[in-house]
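Predicted model, so just to flag it, every value in this text is computed and none were measured. Residues take their numbers from the sequence shown, with the count starting at 1.
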Amino acid sequence: MLAAWGRTRPGWLSVLLALPLWLAAQTTPVKTPRPLKRADAAFHAGVAARDSGNLEEARKKFAEVVRLAPQIAEGHEALGAVLLEQGKPRDAIAELMAAEKIKPDDLGNEETLAQACVQAGEMPSALLHYAAALKLAGQPGQPALSAEFYEGYGRALAAAGRPDEAMSQFMAEEALVGRSAALDDAIGSLYAQEQQWENARGRFEQALKVDPGYMPARIHLGVLEREQHEMPDALATLQAAAQATPPNGDALLEYGRTLAAAGQDDEAIAEFQQALKLNPPPPGAALETGMALQRLGRQQEAIPFFQQVLASDPRNVTALTNLGLAETMTGQAKEALATFAQAQAAAPQDPTIYKDLGVAHVQLSAFDEAIGDFQKALAIDPSDSQTHYDLGLAYKFKDRYEDAIAELTRAGEMDPTLQDPPYTLGILLMQMGRLDAAVVELRKAVALRPENGDAWAILGSTLKQDSRLPEAAEALGKAIPLLPGQPGPRVTLASVLAEEAANLSTEADAAETAGNAQKAAELRAQMKDLRGRAVELRREGAVLARGAVSRQRANFAMNAGNQLMLRGQVADAVARYQESIAADPTFAEAHTQLAIAYERQGRTEEATAERAKAADLEKAK
């Protein structure tokens, strides 16, 4: 907090109160001119008004001083100081600069100018005036600098990213007045900027020992604990801060951020919304709310929060990028193009913008443009395996299969923990009829995520096409419990078992012809069992297909799929969208989202079919 001008600049006020104002501009006695007498009276009236807390009256009186005696620096300086207290820093700067022209090298005026520049957001100018004041203070006959000066200069240096110089100012303040909660917190914040975590922790904890209610130190300690991945401690520290009365916006914001970092987005949103109710809300609360909703798959709800951010900060790249992504994910890819164009203008070297723009172009079937977007993103950041994956998909959509295979393979090699590259590559190879190679990739995918029922189902289907029926049955047997609401894997397994039964029938006939009745009987018994199981599986599939409609379950599954899509877990998202459609086949939005997911996997024909279903359902409304 800026100190009051009468306290931070002790020299000029005491002189002016002890002498008539006109003597401040005279060095030899002369007859006092009438305007100077009136200016002197106005000046003392202004000082009295200011001391009584009537800043507007003080401003009027000091303005009268400046009108009557514009050649006297102290009048401009007094007016500038009151304007600063009234929260009018730019008006204050004009008066203080006028005083500096009349009377350069005035220590008090330099300090007040520095404070005014800080309030006006003119940090480079503030630092120049602070430095000038510090230099003047070293000259003989100058008053000692105050603790408030050192604190103000230190905070200005810290804000300018000069932590070492800021630290020296805070240490000078500490040497002058001793330790305090505010000072320990300021020094701790500098240590944290330099990642000297234990030094920072010690200062924050000392601040809270001195003043347990000092909120900035509690918030900073909680943030430090979060950065150090000490989540239980961070949550406890910030929860206590967030429950303070009256509510503290920064505490609510940082508690929400910590809940989000701990994977508790629903709880985080509640804190962000409490912060948004404050007047004014803390900066960042609307953006954090939008991103938390987005992580939960609630894209449509997130959009107004990003728009709220952009209403006051139209070049906020994070808000623009996330808004564009949300628009893309809600079928508004055309609108997303304009949003991403704004983001590019603000941050032309941000690869994430080009990557997300490419996804929007894919949704619009503008594959050449998408390829260009992904290539630009990779030119900026060639190490992004996800962008190589997206480029591979775009190549597939353009039937550039070998290019697609190369990019998908590269993505998997760059990050062997990603499931999507081998999964999608397996589907592509299957579609190209390279079944053995497809099986190799799909086995990689299920090894990486054995809980992915859709991957097991596709592996089973591929093995069936490759006439590897026992392996197909095994894979489909693993898919069914992972996709309990899906009829598809059951129907496919029934087909596999029926085909195995047909093969056994042929073997039984051959055994009987060869005179081996016992073997023929054993084979026919196995055949009967397989056909019975196939009939039961088909019956189960039919029951599931006729299952009861539930829009609530459908919404829940679709939102889960949206959340997985944001995390890049496209295969898992497909399964959730399929669950949504199984719960309510008339849910058009779920068909649209499944089409988007299929497109991300390169399953063009299936995506087209889902979009057609969605369109038909929309027309039927």
Side-chain angles (χ1 to χ4, degrees), residues 296-301 326 328-333 359 362-363 365 419-420 423-424 427 431 445 449 451-461 476 478-495 537-621:
L296 290 171
R298 294 157 61 181
Q299 305 287 343
Q300 196 63 53
E301 294 175 68
T328 302
M329 295 292 289
T330 53
Q332 304 172 64
V359 174
V362 166
Q363 191 177 118
S365 299
Q419 186 212 22
D420 282 338
Y423 176 76
T424 304
I427 293 173
Q431 293 169 339
R449 290 184 66 83
E451 70 277 16
N452 185 347
D454 194 53
W456 282 110
I458 293 174
L459 174 60
S461 178
L476 291 163
K478 292 183 177 179
I480 288 171
L482 294 170
L483 301 171
Q486 296 299 312
R490 287 172 169 79
V491 173
T492 305
L493 179 55
S495 177
L537 286 165
R538 287 195 181 95
R539 185 193 68 77
E540 291 175 2
V543 169
L544 287 172
R546 296 193 302 268
V549 170
S550 171
R551 180 56 61 92
Q552 184 177 6
R553 286 194 297 122
N555 266 310
F556 181 83
M558 187 188 71
N559 285 334
N562 291 343
Q563 189 173 359
L564 290 164
M565 284 285 283
L566 273 177
R567 297 173 181 167
Q569 298 174 17
V570 182
D572 290 344
V574 165
R576 301 291 82 77
Y577 294 141
Q578 289 171 337
E579 285 180 15
S580 177
I581 292 167
D584 184 356
T586 67
F587 192 13
E589 189 175 352
H591 287 282
T592 299
Q593 294 302 110
L594 180 57
I596 293 170
Y598 277 152
E599 286 169 348
R600 291 290 302 278
Q601 293 179 324
R603 298 162 70 173
T604 311
E605 292 181 3
E606 292 161 282
T608 301
E610 291 300 325
R611 287 196 182 280
K613 291 176 187 176
D616 290 342
L617 289 168
E618 289 291 347
K619 289 178 185 176
K621 286 184 178 179

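- For the pair Arg611 and Thr592, the minimum side-chain heavy-atom distance is below 4.5 Å.
- Under the 4.0 Å criterion applied to side-chain N and carboxylate O atoms, Lys478 and Glu451 are not assigned as salt-bridge partners.
- Taking both residues in full, the closest heavy atoms of Ala457 and Pro489 are given as CB-CG, 4.2 Å, listed atom of the first, atom of the second, then distance.
- Closest approach of Pro585 to His591, counting heavy atoms only: O-NE2, 3.0 Å.
- Taking both residues in full, the closest heavy atoms of Ala455 and Gln419 are given as CB-NE2, 3.9 Å, listed atom of the first, atom of the second, then distance.
- Side chain of Gln486 to backbone of Gln578: a donor-acceptor contact under 3.5 angstrom is found.
- The distance from the CD atom of Glu610 to the CD1 atom of Ile581 is 4.5 Å, given to the nearest 0.5 Å.
- Side chains of Gln593 and Asn562: a donor-acceptor N/O pair is present below 3.5 angstrom, by distance only.
- Residues Met558 and Glu589 meet the side-chain proximity criterion, which asks for heavy atoms closer than 4.5 Å.
- Rounded to the nearest 0.5 angstrom, Leu493 CG and Leu537 CG are separated by 5.0 Å.
- Here the closest heavy-atom approach between residue Gly541 and residue Arg490 is recorded as N-CD, 4.1 Å.
- Side-chain contact between Tyr598 and Thr604: absent, with no pair of heavy atoms (C-beta onward) separated by less than 4.5 Å.
- Here Asp454 pairs with Arg603 in a salt bridge; the nearest charged N to carboxylate O distance falls below 4.0 Å.
- A pairwise comparison of heavy atoms in Ala590 and Ser580 identifies CB-OG, 3.3 Å as the closest pair.
- Here CG of Asn452 is found 4.5 Å from CG of Asp572. Values are rounded to the nearest 0.5 Å.
- The heavy-atom pair separating Ala575 from Leu483 by the smallest distance is CB-CD2, 3.8 Å.
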Full working for side chain to side chain contact (heavy atoms under 4.5 Å, CB included) between Leu482 and Trp456: CA-CA 9 Å; Leu482 294 170; Trp456 282 110; 3.6 Å; yes

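- Not one N or O on the side chain of Gln300 forms a donor-acceptor pair closer than 3.5 Å with the backbone of Thr330.
- Taking CE from Met329 and CZ from Arg298, the interatomic distance works out to 15.0 Å, rounded to the nearest 0.5 Å.
- With sequence neighbours left out, Ala597 forms a side chain to side chain contact (heavy atoms under 4.5 Å, CB included) with Met565, Val570, Val574, Tyr577.
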